[in-house]
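Presented below is the structure to which this report refers.
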Protein chains: 2
Amino acid sequence: MARKVSRRGGNIVTIHDVARHVGVSPMTVSRVINGEKNVREETRKKVAEAIEALNYSPNMAARSLASQDSSRIALIYSNPSMSFLSELLLGILHQSSQSGCQLIIESCEGPEGVADVLDKLKSLGVDGVVLPPPLSDSTRVAKALREMGLPFVGVATSRPSPDAASVSIDDFKAAFAMTQRLIALGHRRIGFIKGHPNSYYSQLRHEGYIAALTKAGLTPEDKLVGQGYFTYRSGFDAAESLLMRDERPTALFASNDDMAAGAVASAHRLGLDVPKDVTIVGFDDTSMASSVWPELTTVRQPISDMASLGLKMLLEQIRTRRSGQPYAPVHEIRDFAIIERQSSSPPGEDATD
Amino acid sequence: MARKVSRRGGNIVTIHDVARHVGVSPMTVSRVINGEKNVREETRKKVAEAIEALNYSPNMAARSLASQDSSRIALIYSNPSMSFLSELLLGILHQSSQSGCQLIIESCEGPEGVADVLDKLKSLGVDGVVLPPPLSDSTRVAKALREMGLPFVGVATSRPSPDAASVSIDDFKAAFAMTQRLIALGHRRIGFIKGHPNSYYSQLRHEGYIAALTKAGLTPEDKLVGQGYFTYRSGFDAAESLLMRDERPTALFASNDDMAAGAVASAHRLGLDVPKDVTIVGFDDTSMASSVWPELTTVRQPISDMASLGLKMLLEQIRTRRSGQPYAPVHEIRDFAIIERQSSSPPGEDATD
DNA sequence: CAGGCGAGTGATAGCGCTACCATTCACAGA
DNA sequence: TCTGTGAATGGTAGCGCTATCACTCGCCTG
């Protein structure tokens with residue numbers, strides 16, 4: 001064997017190769033890669049070009065070994081929606097491969113499961129934890145983590161713990177915006193299906209709905225509001241009673257997509273066309289929203305972004321703590337988006353006009 | 001600073017600590033960790049105990065750096081169901097953290113997107129690719145990968161490329177089993193909703209259905225079979241025409257969950273109760289299956305297992321290839337499971353009896 | 001013009017682990 | 001007895017990168 005031909009089909013471009021190519025030391029290349037200052041602009045540019053030319057890409061293993069910066073981050077979840085999970089994972093994965101941190105994914109079922117999982121994390125020597133809902137809203141989990149001295153970040157949490165970092169959207173504002181959108185479409189009798197009373201964002205979303213109506217000079221009416229529990233079935237039932245009123249609403253805003261889908265089924269059952277006879281919109285933009293027919297207009301959270309940002313914040317928090325500095329928790333709010341699909345239209349019209 | 005206190009809360013137990021604790025060389029500990037032979041059983045045991053006692057856990061970065069074994073694996077996907085994706089990711093993630101390989105997740109949209117993504121993979125120096133459906137069934141993608149000389153593995157593929165590795169379930173057998181289950185429940189007029197004609201497993205599932213009927217002495221009838229396209233809407237439409245026949249089927253087997261959900265909606269629209277008036281079952285066990293009401297009886301693939309195994313096989317393939325040995329592609333078949341939920345029952349009965 | 005300073009760069013020494021070879025030892029066959 | 005062999009272990013040298021400190025300038029200050 002004449003030369004070392006190794007993994008990745010011989011594609012072993014190292015920092016040294018880049019350095020030699022430019023005529024600087026490996027250190028300088030390292031500095032450029034890590035965006036450190038104290039590198040002349042001219043040098044930086046030459047190095048960047050060489051990196052491009054040689055198609056160099058840093059070896060994560062070596063990097064985190066040398067920098068002692070390899071953090072172990074756990075993501076623990078307890079039955080979130082699968083589509084939520086997958087977006088979350090995508091975001092987390094993206095960020096973790098950029099930051100070169102090791103990821104541990106754990107599912108925990110039930111309230112005692114959490115304790116077990118936390119024990120496990122401790123023995124695994126985890127450095128920080130990412131918490132998606134519903135765990136992100138659990139004061140119990142937050143407390144346990146705090147007692148263990150483990151940094152954590154809540155992603156898409158409706159009730160951020162004031163002393164822990166979080167990334168979320170403004171549920172109130174989102175519900176407000178969606179309601180406004182319905183009003184702009186020409187709807188005046190807009191029904192609402194609440195989420196599970198346990199959950200704080202049920203309340204926020206409801207409040208957003210009320211606020212938008214009020215602001216538009218419409219009177220919120222209790223009889224236009226149904227109680228749901230975030231399930232398809234509960235949406236079905238709530239919609240049924242709402243739609244069987246004499247003066248039925250021309251639009252229905254469900255607090256999540258599953259309930260909206262149930263509401264669509266209910267409307268169909270009653271012989272009503274969606275959106276011609278009744279507009280139905282959801283919240284979350286889960287896969288359900290685009291699976292049913294007609295596809296649901298809904299509110300979308302940038303889950304992947306939020307997760308990615310959350311991990312970044314967590315890593316920063318860990319770094320800050322390690323350096324002994326105090327850490328002030330950051331609460332980031334991301335923008336939501338209203339996704340218009342086929343389940344909404346002006347009252348009495350088809351969506352496709 | 002008296003001693004080096006570093007990441008993971010000072011939990012810097014290295015292989016040397018373990019070695020010292022036992023009184024052997026680090027090499028021996030390394031051998032134990034990697035399950036190599038040529039270590040006396042007694043030594044192995046002592047080392048294992050020390051590992052346990054010191055709560056040692058190997059540093060992945062160092063390991064993959066030293067062993068030059070760090071493979072970059074890409075997972076490329078193109079709009080699979082999100083819940084499928086998340087299970088897949090869970091499995092892959094689990095395996096990758098065990099094998100210490102770097103993961104790159106890429107989405108590719110459309111047929112030209114694939115080419116772009118493959119280019120990107122090439123420039124990233126990827127060592128292997130995991131292909132979930134529908135990419136796993138694309139002969140075009142398989143061909144491109146082969147031309148690049150990149151090892152790959154298809155996960156949940158219905159048409160494994162004979163010269164590439166794959167993990168899947170037996171779609172035929174699964175459809176066969178589900179149909180048998182319906183027959184065992186007492187159904188005799190069992191309708192079937194086919195999937196998209198493009199897709200090979202549409203065909204396999206259909207054939208499984210036919211075979212089971214035949215085996216039970218029932219005559220497959222064309223008028224009990226509807227054409228669908230894997231969408232909710234197509235399931236709705238197909239079910240509608242099937243259920244409006246004079247002699248309507250007492251059970252409907254849809255080739256996936258979205259169509260089954262559409263079929264349920266259609267039944268409801270026609271005033272039929274599920275499962276009392278008609279049993280409806282799906283395939284895949286996506287989140288749709290447990291979101292709708294009644295929840296769907298369906299066929300479940302062990303996606304997470306399949307993904308995990310697939311990655312393992314891929315890694316092995318890469319290792320084999322690197323060592324210059326020829327690689328014989330392996331086709332693994334995993335077991336499916338029939339998940340009974342509320343959408344099925346004996347004809348004319350409620351599921352809950 | 002000595003002295004100081006800070007920007008830009010290089011040399012060196014590992015990070016924790018494993019590949020590879022050397023070494024030891026026991027025991028079989030000549 | 002002398003190799004030969006293979007099993008069990010240890011020593012050494014890095015893997016690709018970065019922390020750290022040392023160094024060289026040019027330029028400012030007194």
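Here is the naming used below: chain letters follow the sequence lines, and residue numbers restart at 1 for every chain.
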In whole angstroms, the gap separating P of D:dG16 from CG of A:N59 amounts to 7 Å
Which one, D:dC17, D:dG10, C:dG16, comes nearest to the side chain of B:V24? D:dG10
Once you round it to whole Å, what is the distance between P of C:dG16 and CG of B:D17? 9 Å
Ranking C:dG10, C:dG14, D:dT9 by distance to the side chain of B:N38, first place goes to D:dT9
In whole angstrom, what separates B:I15's CD1 from C:dG14's P? 19 Å
Between A:T43 and A:R31: side-chain donor-acceptor atoms closer than 3.5 Å: no
Between A:S25 and B:H16, which is nearer to the 5' end of DNA chain C once each is assigned its nearest nucleotide? A:S25
Whole-Å distance separating the CD atom of A:E36 from the P atom of C:dG10: 14 Å
Any side-chain to backbone donor/acceptor pair from A:T157 onto A:G154? Under 3.5 Å, distance only. no
Check the phosphate of D:dC17 against A:S64, side-chain N and O only, distance under 4.0 Å to OP1 or OP2. Yes or no? no
On DNA chain D, compare the nucleotides closest to B:M27 and B:A62; which residue's is nearer the 5' end? B:M27
Can you tell me if B:S166 and B:H331 form a side-chain donor-acceptor pair at under 3.5 Å? yes
Taking only side-chain N and O atoms of B:Q68, does any of them lie within less than 4.0 angstrom of OP1 or OP2 on D:dG16? yes
Among C:dG16, D:dC17, D:dT9, which is the nearest nucleotide to the side chain of B:R31? D:dT9
How many whole angstroms separate atom OH of A:Y56 from atom P of D:dG16? 10 Å
Report yes or no: do A:S161 and A:R146 form a side-chain donor-acceptor pair below 3.5 Å? yes
Counting side-chain heavy atoms from CB outward, which of D:dT9, D:dC17, C:dT9 is closest to A:V39? C:dT9
Any base atoms under 4.0 Å from A:T43, or only sugar-phosphate, or nothing? Heavy atoms, all strands. sugar-phosphate
B:S30 side chain to B:P26 main-chain N or O, any donor-acceptor pair under 3.5 Å? no
